[in-house]
Amino acid sequence: DFTNKNLILPNKSLIYLSSDGFADQNDSERKSFGLNNFKNLLFSVKDLSLEDQHAQILFALKAHQKDEPQRDDISVMGLSI
């Protein structure tokens with residue numbers, strides 16, 4: 001079942017949509033990035049341009065992942081309203 005919700009957002013709001021792949025990505029010790037780390041990462045880049053956010057998010061993923069293969073789909077989309 002789906003329910004429609006109406007949201008009133010202030011100007012310059014950001015909305016992030018993502019799959020669970022980023023938070024679930026493991027490092028060489030099989031430790032996942034983690035949902036709290038992912039939320040903290042998004043919070044830390046929220047004031048940057050969307051291009052700079054993209055670069056920082058990708059850098060954080062590569063720094064965590066290192067040489068480990070990607071194990072799941074990773075989708076992250078930021079919308080500036």
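Numbering of residues begins at 1 and proceeds along the displayed sequence.
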Which atom of [X] lies closest to which atom of [Y], heavy atoms considered:
{"X": "Phe33", "Y": "Phe38", "value": "CE2-N, 3.4 Å"}
{"X": "Ser13", "Y": "Leu9", "value": "OG-CB, 3.6 Å"}
{"X": "Gln25", "Y": "Arg71", "value": "OE1-N, 3.3 Å"}
{"X": "Asp72", "Y": "Gly21", "value": "OD2-CA, 4.1 Å"}
{"X": "Asn26", "Y": "His64", "value": "C-NE2, 3.6 Å"}
{"X": "Ser32", "Y": "Ala23", "value": "CB-O, 3.5 Å"}

Determine whether a donor-acceptor pair (N or O, by modelled atom type, separation under 3.5 Å) exists between the side chain of Ser75 and the backbone of Ser19. no

So is Lys46 actually on top of Phe43's ring, under 6.0 Å and inside 45° of the axis? yes

With rounding to the nearest 0.5 angstrom, report the [atom1] to [atom2] distance, [X] to [Y].
{"X": "Leu35", "Y": "Asn40", "atom1": "CG", "atom2": "CG", "value": "9.5 Å"}
{"X": "Ile57", "Y": "Ile74", "atom1": "CD1", "atom2": "CD1", "value": "11.5 Å"}
{"X": "Gln53", "Y": "Leu14", "atom1": "CD", "atom2": "CG", "value": "5.5 Å"}
{"X": "Asp20", "Y": "Asp73", "atom1": "CG", "atom2": "CG", "value": "7.0 Å"}
{"X": "Phe59", "Y": "Asp52", "atom1": "CZ", "atom2": "CG", "value": "13.5 Å"}
{"X": "Leu7", "Y": "Lys5", "atom1": "CG", "atom2": "NZ", "value": "9.0 Å"}

Are Leu50 and Leu48 connected in the hydrophobic side-chain network, where two residues link if heavy atoms are under 4.5 Å apart? yes

